[in-house]
Amino acid sequence: MINKPEMPDRERQMAEFSVGHDGLRYHYNGYRYDKWQDAVAYARLMRERPSQANARGSFVPSKKVAPTTEAEQAQMVSLGIRFDDGAYRFRDFRYDGLADAVNYAKREPPRNED
């Protein structure tokens, strides 16, 4: 019997939860993540929900980001949201959609910028 070297934790968890990696970002269920731990945590959460037993895995839909309107740009500035590298960013988080970034930004208490 040949002993196989143990698979590193990252690769094992990515395989177990169907998390993909494109060399830059990790993917699960249509979402992109900077950290593999975040993708695995979301996959684990979805697997624990009975209604999500058959999640779509690492499928990544191809979609283009629509240009923002002047009103959306003003809202982004007021909430501290920026657009970088094809994603909306609020603090240390990345969002594929502006609505998601806005929703999370509105939930967060303002930071004291002393």
Side-chain angles (χ1 to χ4, degrees):
M1 174 153 87
I2 300 173
N3 288 334
K4 292 182 182 178
E6 193 169 314
M7 186 182 288
D9 196 44
R10 180 182 84 133
E11 284 78 16
R12 182 187 58 75
Q13 288 186 8
M14 286 176 59
E16 179 183 347
F17 291 100
S18 301
V19 171
H21 187 250
D22 64 9
L24 180 62
R25 295 182 182 102
Y26 298 90
H27 303 272
Y28 177 77
N29 202 24
Y31 295 97
R32 297 181 299 185
Y33 302 88
D34 290 329
K35 299 176 184 173
W36 68 270
Q37 297 96 328
D38 293 340
V40 168
Y42 180 71
R44 182 176 283 123
L45 177 68
M46 291 297 100
R47 205 177 264 183
E48 290 173 358
R49 294 180 178 176
S51 64
Q52 297 291 324
N54 295 318
R56 294 177 286 155
S58 62
F59 170 76
V60 179
S62 61
K63 57 182 173 179
K64 293 183 179 183
V65 177
T68 53
T69 65
E70 287 184 25
E72 289 171 331
Q73 290 172 9
Q75 185 178 42
M76 288 171 62
V77 169
S78 72
L79 293 171
I81 298 170
R82 63 194 191 285
F83 187 77
D84 292 326
D85 296 326
Y88 297 95
R89 296 180 183 268
F90 173 68
R91 296 192 179 156
D92 294 329
F93 302 98
R94 177 202 333 252
Y95 303 92
D96 289 334
L98 178 57
D100 294 329
V102 167
N103 287 337
Y104 280 92
K106 286 182 174 181
R107 289 180 170 183
E108 291 289 316
R111 287 186 175 174
N112 291 335
E113 303 289 334
D114 293 331

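Here the CE-CD distance, from M14 to Q37, works out to 10.5 Å after rounding to the nearest 0.5 Å. With rounding to the nearest 0.5 Å, the separation of CG in D92 from NZ in K35 is 7.5 Å. For the atom pair CD (E16) and CZ (R44), the distance works out to 7.0 Å, reported to the nearest 0.5 Å. Considering CH2 of W36 and NE2 of H21, their distance stands at 12.0 Å, rounded to 0.5 Å. Interatomic distance, CD of E72 versus CZ of F83, reported as 11.5 Å (0.5 Å rounding).
Within the 4.5 Å cutoff, the side chain of M76 has heavy atoms near those of the L98 side chain. N29 has its side chain within reach of Y42: a pair of non-hydrogen atoms, C-beta onward, lies under 4.5 Å apart. Using a 4.5 Å heavy-atom threshold, the side chains of E108 and F93 count as separate. Side chains of R91 and Y104 form no contact here, defined as non-hydrogen atoms less than 4.5 Å apart.
Nearest heavy-atom pair, D84 versus R82, reported as atom, atom and distance to 0.1 Å: OD2-NE, 2.9 Å.
Take Y33 and apply the ring-ring contact (aromatic ring centres under 6.0 Å, His included) test, not counting sequence neighbours, and it matches no residue.
Residues F17 and Y28 place their aromatic rings such that the two centres sit no closer than 6.0 Å.
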